[in-house]
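Note that ligands are numbered from 1 as they come in the structure, with each ligand's atoms numbered from 1 the same way.
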Amino acid sequence: MAKRTSSARPAHRKKQTGKKRTPVRTRSGDVFERLDRLARNIWWTWNPDAKALFESLEPALWRAHTQNPIAVMDALPEWRRESLRSDDAFAEALAKVEAHHAEYMNARTWFERTAQGKEKKLKVAYYCMEYALHEHLPLYSGGLGVLAGDHLKSASDLGVPLVAIGMLWRYGYYRQELPQDQDVRILYPKYDFSKLPVEDTSKSISVPMGRGSVKAKIWKLQVGRIPLYLLDTDIPENKPADRKLTHHLYGAGIEYRIRQEVLLGVGGVLALEALGLSPTVHHLNEGHAAFAGLERLRKLMKSGLGYDQAVDVVRSSSVFTTHTPVPAGNDRFDATLFAKYMKSYEADLGLKKQELLALGREDESDVNESFCMTVLALKMSERCNGVAELHGATSRAMWMKTFGAKKPEDVPIGHVTNGVHPETWIADEARPFYNKNLKPKWIGAGPEDNWWKKAKTTKPDEIWSLRQLLRRKLVAHLRTSLRDQLVYHNEDPGLINELYRTLDEDALTIGFARRFATYKRAPLVFKDAKRLAAIMSDSDRPVQLVFAGKAHPADKEGNEFVKKILSYTRKAPFRGRVFILQNYDTAVGRLLTQGCDLWLNNPIRPMEASGTSGMKPCLNAGLNFSVLDGWWPEGYNGKNGWVVGDGSVMKSRTKQDAFDAASIYETLENEIVPAFYDRTKAGVPTKWTKMAAECMSTCCAKFSSHRMVADYCRGFYLPAHA
Ligand SMILES: *Cc1c(COP(=O)(O)O)cnc(C)c1O
């Protein structure tokens with residue numbers, strides 16, 4: 001990390017430069033018009049005062065409407081509206097938030113401070129199938145979306161000029177419910193866009209789709225300074241089958257998939273044009289949007305460039321991030337299906353059928369190879385990267401054939417390790433701790449400012465108080481949300497009463513929340529149930545375990561894993577010690593990563609490209625206990641958390657499971673439980689707090705999305721722009 005310089009002061013403490021950049025209207029109009037304006041820039045989701053303001057409208061509705069301020073305002077009865085209109089304290093709080101927002105939007109940003117000359121003209125277009133920004137915006141399935149959402153938030157904080165392209169899903173991914181003794185229930189609530197903070201741009205595009213074309217309306221979602229444009233085909237002008245294109249994220253069927261990818265890639269390029277935007281750099285986040293490269297080629301050739309020149313232009317201005325460490329995870333289409341949707345590009349690009357197909361083949365001479373979106377993206381982007389150091393290496397080994405390389409080192413794929421957006425994932429209750437210990441100010445700090453280093457010198461009892469506070473908040477929330485879950489499913493009231501007795505606000509609390517892809521091995525910790533039960537039920541040193549997670553609807557085994565864990569929560573010896581929350585979303589994600597003491601992660605190495613959920617506890621005085629996969633080999637230093645297994649990869653899955661499970665038990669018994677429960681006279685576990693301080697000071701800045709976006713900006717966007 002670079003030394004802090006005086007010019008790198010937090011943005012919002014900077015003096016105004018006089019010039020007003022973004023018009024932010026404040027203090028005009030009715031209270032509810034003003035609130036509506038605030039709600040339509042989801043900056044509020046990472047500002048605690050703004051969140052508190054919206055919650056104070058009516059806390060019960062706030063919870064009922066997944067913290068959606070627009071839906072809450074819609075539901076407010078007139079008497080409540082009247083009382084808020086004449087509430088002076090509320091008016092004051094509103095004015096304060098508006099001032100904060102104006103300050104944020106007008107601040108001189110990191111990018112403005114650091115970009116030189118022509119760099120200032122940078123304009124990045126960022127494409128992704130999913131964005132996880134907040135639980136009231138159901139536009140995501142999991143980690144890829146969380147990463148993209150945090151990318152936009154940090155680009156906003158740092159002022160990196162970026163516009164994003166995605167889809168406005170009518171049904172999103174799915175809602176998960178866990179009724180007892182039944183299959184996981186998978187529900188598709190239909191979202192009413194009038195209740196979402198999206199604005200109709202009144203622009204639309206017509207996307208060629210096979211023999212016909214599909215119309216897509218363009219919506220805008222404002223993420224701080226960053227506009228996210230969302231395509232929506234569910235409009236009356238389209239045929240029923242075309243209207244469905246933006247219904248389900250990762251819905252069933254390979255043809256549905258290619259059609260959606262045409263929409264995102266080709267439609268994305270057309271949308272940018274319809275909006276009058278001319279990006280200088282195109283960042284494809286995962287291979288789903290790779291058709292953008294072909295559409296850009298077509299446009300460049302229409303404007304007079306030859307094929308080779310056009311390829312040069314597209315390649316030099318494209319950045320591609322791959323997220324998939326296993327060959328099967330990459331989208332492939334057979335030649336017939338590909339031709340059904342992409343044939344027109346043969347004539348437009350002046351290519352023969354096999355030449356066009358070769359752009360998506362690892363081995364260009366193999367006419368039997370299907371068309372791979374990742375291969376197309378790799379070939380059309382000069383700058384490619386994986387999402388962690390290990391994943392970079394895995395990707396280089398995986399794509400040797402595509403580049404005709406003899407050695408992995410010759411494959412031009414680098415890495416930018418993922419990060420998480422600190423202000424999104426830090427508990428509001430932890431902010432006073434950071435305000436005190438990371439002086440002068442951690443909010444608004446640029447990527448060079450490593451305030452987090454100071455965490456090392458915080459007092460053990462302060463770290464411990466923070467940890468206690470966050471765990472107690474978690475337990476309080478679990479009592480209500482698990483109760484609601486049980487009441488909803490008409491469960492035995494005895495079970496509900498028991499929650500209050502067994503959930504322990506002082507017990508070592510382990511969290512495991514992720515997509516239940518089978519390689520993540522959610523049930524691994526139960527491998528030797530007896531040994532685990534012995535660890536968990538020592539009444540002097542109790543341990544509790546909280547799960548949450550969704551598997552893809554088509555993933556039978558993954559959904560069986562969910563059911564299996566649900567069944568453990570009901571029976572001895574784990575009843576009252578193991579819990580599972582239904583419908584893992586960003587709200588559950590925040591709750592668990594903020595409240596749990598220990599974050600367990602046991603994927604099969606090297607199948608976790610990066611993983612980001614483990615970065616979130618670091619911001620909340622929690623510790624990681626993880627397989628050396630994804631980001632953890634870069635994060636772990638021997639003093640800031642624990643390792644499951646030893647990083648070795650075994651041929652036999654059975655042996656690997658047994659080895660890793662044994663490592664979990666041994667480490668819990670000999671290290672983790674003692675570190676948590678060996679206390680000073682004042683009741684502080686100093687070994688634990690020392691590790692937590694070490695973890696904060698070594699991981700928070702390194703795995704922040706500010707660092708990540710700055711890395712993309714300097715290492716990828718600006719060179720591509722030049
Ligand atoms: C952080 C987060 C993820 C990413 O988790 P990993 O399993 O570490 O990839 C996925 N879903 C939600 C809701 C999250 O908050």
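Aromatic rings from H248 and Y174 are positioned such that their centres are separated by 6.0 Å or more. Between W452 and H706, the distance from one ring center to the other does not fall under 6.0 angstrom. The distance between the ring centers of H283 and Y712 falls below 6.0 angstrom.
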**OP:** Carefully, step by step, assess H421 and W46 under the rule ring-ring contact (aromatic ring centres under 6.0 Å, His included).
**Re:** CA-CA 9 Å; H421 184 247; W46 69 95; 5.3 Å; yes
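Ordered by chain and residue number, the residues placing a heavy atom less than 4.0 Å from ligand 1 are G142, G143, V146, W425, R514, K520, Y584, D585, T586, G611, T612, S613, K616.
Cation-pi geometry between R170 and F193 is met: under 6.0 angstrom from the ring centre, within 45 degrees of the axis.
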For residues 639-648, dump all side-chain donor-acceptor pairs below 3.5 Å to protein atoms at least two apart in sequence or in another chain.
{"residue": "N640", "atom": "OD1", "partner": "N637", "partner atom": "N", "Å": "3.0"}
{"residue": "N640", "atom": "ND2", "partner": "G635", "partner atom": "O", "Å": "2.8"}
{"residue": "N640", "atom": "ND2", "partner": "T698", "partner atom": "OG1", "Å": "3.1"}
{"residue": "W642", "atom": "NE1", "partner": "E671", "partner atom": "OE1", "Å": "3.1"}
{"residue": "D646", "atom": "OD1", "partner": "S648", "partner atom": "N", "Å": "3.0"}
{"residue": "D646", "atom": "OD1", "partner": "S648", "partner atom": "OG", "Å": "2.5"}

